[in-house]
Asks: 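Questions regarding the structure given below will be posed in turn.
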Amino acid sequence: MFFGGIGTDIELYHDSKYGNGARVAEEFKRLMEGEGSKVNIHHLRESSPKGLPTADLYVFGSPTHFGKATRGMVHFVKKLELPPGTKYAVFGTFSGAAPDKKTGKMPPQEELEKWRRTIPMIDEKLKAKGMSKVAEMSVFVKPENLKGPLEEGWQKTVEVFVEAILGR
Ligand SMILES: Cc1cc2nc3c(=O)[nH]c(=O)nc-3n(C[C@H](O)[C@H](O)[C@H](O)COP(=O)(O)O)c2cc1C
């Protein structure tokens, strides 16, 4: 069965440290499997970038540490051996923005982006392999704590990601 050009077998690789990205992955699996897909979730610590199972779509998800995708994720996508044209989707988890304590103002967008380079970093490695991106998603944890929990309404964000993958 195909949805918007995406087949049903999906392999998802994430590098969640505190469990927020793992929750996002589980929600993604729940929604996608509700649409008839099969999603296998792997943490990077038990995955090798070589000899990945065949899939119609690969999903990569990374936390953001000091503005970047984790070292593990960068290494993983760099070493991946998948043919050009292989479809992928990517998600990053980030800290939600909070107003500056002194001025009460929200940081400007370009300042926020400097600390949110996760997705472009993953894209750079995968595009260099000729892989083809179908969707991306940014999910945020509450600004009060770097370890989470996820911001209210995060499930809606996952739903939008799923819809984009399904081409709706
Ligand atoms: C050491 C450290 C540095 C972090 N740096 C950033 C950052 O630069 N930008 C950002 O948006 N979030 C940053 N965070 C928050 C992470 O984005 C957050 O912990 C992560 O998304 C949670 O996902 P996980 O539970 O799947 O690990 C940082 C967190 C830690 C622990």
Side-chain angles (χ1 to χ4, degrees), residues 10-34 37-49 52-53 55 57-80 87-127 131 133-165:
I10 301 175
E11 300 292 331
L12 183 153
Y13 295 86
H14 72 84
D15 198 18
S16 177
K17 186 166 180 191
Y18 301 113
N20 299 284
R23 281 188 80 190
V24 169
E26 288 297 340
E27 179 67 1
F28 175 78
K29 177 181 166 84
R30 192 181 72 79
L31 294 175
M32 234 32 216
E33 294 197 339
S37 287
K38 176 80 190 92
V39 181
N40 294 317
I41 298 176
H42 313 266
H43 194 284
L44 287 196
R45 73 170 94 81
E46 62 237 13
S47 311
S48 156
L52 262 53
L57 175 74
Y58 295 87
V59 180
F60 303 99
S62 177
T64 303
H65 291 163
F66 306 107
K68 298 179 174 179
T70 63
R71 280 172 58 189
M73 181 55 79
V74 174
H75 177 80
F76 191 83
V77 291
K78 200 168 151 188
K79 297 284 173 196
L80 265 189
K87 290 193 171 79
Y88 78 93
V90 58
F91 71 88
T93 57
F94 305 88
S95 266
D100 185 284
K101 287 201 180 81
K102 284 186 200 139
T103 64
K105 284 191 188 152
M106 290 302 275
Q109 197 56 33
E110 60 270 25
E111 181 59 27
L112 289 172
E113 275 163 26
K114 271 191 225 164
W115 297 97
R116 293 178 177 169
R117 295 187 44 248
T118 314
I119 293 174
M121 284 178 75
I122 294 171
D123 280 344
E124 187 194 316
K125 302 282 183 239
L126 298 182
K127 295 219 165 122
M131 287 177 63
K133 177 161 148 177
V134 298
E136 70 170 55
M137 157 174 78
S138 297
V139 194
F140 297 91
V141 301
K142 291 184 178 176
E144 298 80 26
N145 189 335
L146 286 175
K147 298 181 183 176
L150 292 158
E151 273 188 353
E152 256 40 272
W154 65 273
Q155 293 94 337
K156 180 73 201 159
T157 308
V158 182
E159 214 177 297
V160 171
F161 183 57
V162 164
E163 294 287 306
I165 289 171

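Every heavy atom of this structure was used, including side-chain atoms; hydrogens, water molecules and symmetry mates were not. Atoms within a ligand are numbered from 1 in the order they appear, just like the ligands themselves.
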Asks: In terms of side-chain heavy atoms, does Thr118 have a donor or acceptor partner in Ser62 at a distance below 3.5 Å?
Replies: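 Side-chain D/A pair, Thr118 to Ser62: absent.
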Asks: Under 30°, 30 to 60°, or over 60°: which ring-plane class applies to Phe161 and Phe91, parallel, tilted or perpendicular?
Replies: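 Answer is perpendicular, since the angle exceeds 60°.
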Asks: Taking only residues two or more places apart in sequence, or in another chain, which ones meet Lys114 in a salt bridge (Lys or Arg N to Asp or Glu O under 4.0 Å)?
Replies: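 Listed in chain order: Glu111.
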Asks: Holding to side chain to side chain donor-acceptor pair (under 3.5 Å), I want the full list of residues that pass it with Glu136, two or more places apart in sequence or in another chain.
Replies: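 Only Lys133 meet the side chain to side chain donor-acceptor pair (under 3.5 Å) criterion with Glu136.
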Asks: Kindly print each ligand 1 N/O atom paired with any protein N/O atom under 3.5 angstrom away, one pair per line, or none if nothing qualifies.
Replies:
{"residue": "ligand 1", "atom": "5 (N)", "partner": "Phe66", "partner atom": "N", "Å": "2.9"}
{"residue": "ligand 1", "atom": "8 (O)", "partner": "Phe66", "partner atom": "N", "Å": "3.4"}
{"residue": "ligand 1", "atom": "8 (O)", "partner": "Gly67", "partner atom": "N", "Å": "2.6"}
{"residue": "ligand 1", "atom": "9 (N)", "partner": "Trp115", "partner atom": "O", "Å": "2.9"}
{"residue": "ligand 1", "atom": "11 (O)", "partner": "Ser95", "partner atom": "N", "Å": "2.9"}
{"residue": "ligand 1", "atom": "12 (N)", "partner": "Ser95", "partner atom": "N", "Å": "3.3"}
{"residue": "ligand 1", "atom": "14 (N)", "partner": "Thr64", "partner atom": "O", "Å": "3.0"}
{"residue": "ligand 1", "atom": "17 (O)", "partner": "Thr64", "partner atom": "O", "Å": "3.2"}
{"residue": "ligand 1", "atom": "17 (O)", "partner": "Thr93", "partner atom": "O", "Å": "3.3"}
{"residue": "ligand 1", "atom": "19 (O)", "partner": "Leu146", "partner atom": "O", "Å": "2.4"}
{"residue": "ligand 1", "atom": "21 (O)", "partner": "Thr93", "partner atom": "O", "Å": "3.2"}
{"residue": "ligand 1", "atom": "21 (O)", "partner": "Thr93", "partner atom": "OG1", "Å": "2.7"}
{"residue": "ligand 1", "atom": "23 (O)", "partner": "Thr93", "partner atom": "OG1", "Å": "3.3"}
{"residue": "ligand 1", "atom": "25 (O)", "partner": "Tyr18", "partner atom": "N", "Å": "3.2"}
{"residue": "ligand 1", "atom": "25 (O)", "partner": "Gly19", "partner atom": "N", "Å": "3.1"}
{"residue": "ligand 1", "atom": "25 (O)", "partner": "Asn20", "partner atom": "N", "Å": "2.8"}
{"residue": "ligand 1", "atom": "25 (O)", "partner": "Asn20", "partner atom": "ND2", "Å": "2.7"}
{"residue": "ligand 1", "atom": "26 (O)", "partner": "Ser16", "partner atom": "OG", "Å": "2.5"}
{"residue": "ligand 1", "atom": "26 (O)", "partner": "Gly21", "partner atom": "N", "Å": "2.8"}
{"residue": "ligand 1", "atom": "27 (O)", "partner": "Lys17", "partner atom": "N", "Å": "2.7"}
{"residue": "ligand 1", "atom": "27 (O)", "partner": "Tyr18", "partner atom": "N", "Å": "2.9"}

Asks: What residues form a side-chain contact (heavy atoms from CB on, under 4.5 Å) with Pro120, not counting sequence neighbours?
Replies: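 In terms of side-chain contact (heavy atoms from CB on, under 4.5 Å), with neighbours along the sequence ignored, Pro120 is linked to no residue.
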Asks: So, the side chain of His14 versus the backbone of Ile41: is there a donor-acceptor pair under 3.5 Å, distance only?
Replies: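 No: the side chain of His14 does not pair with the backbone of Ile41.
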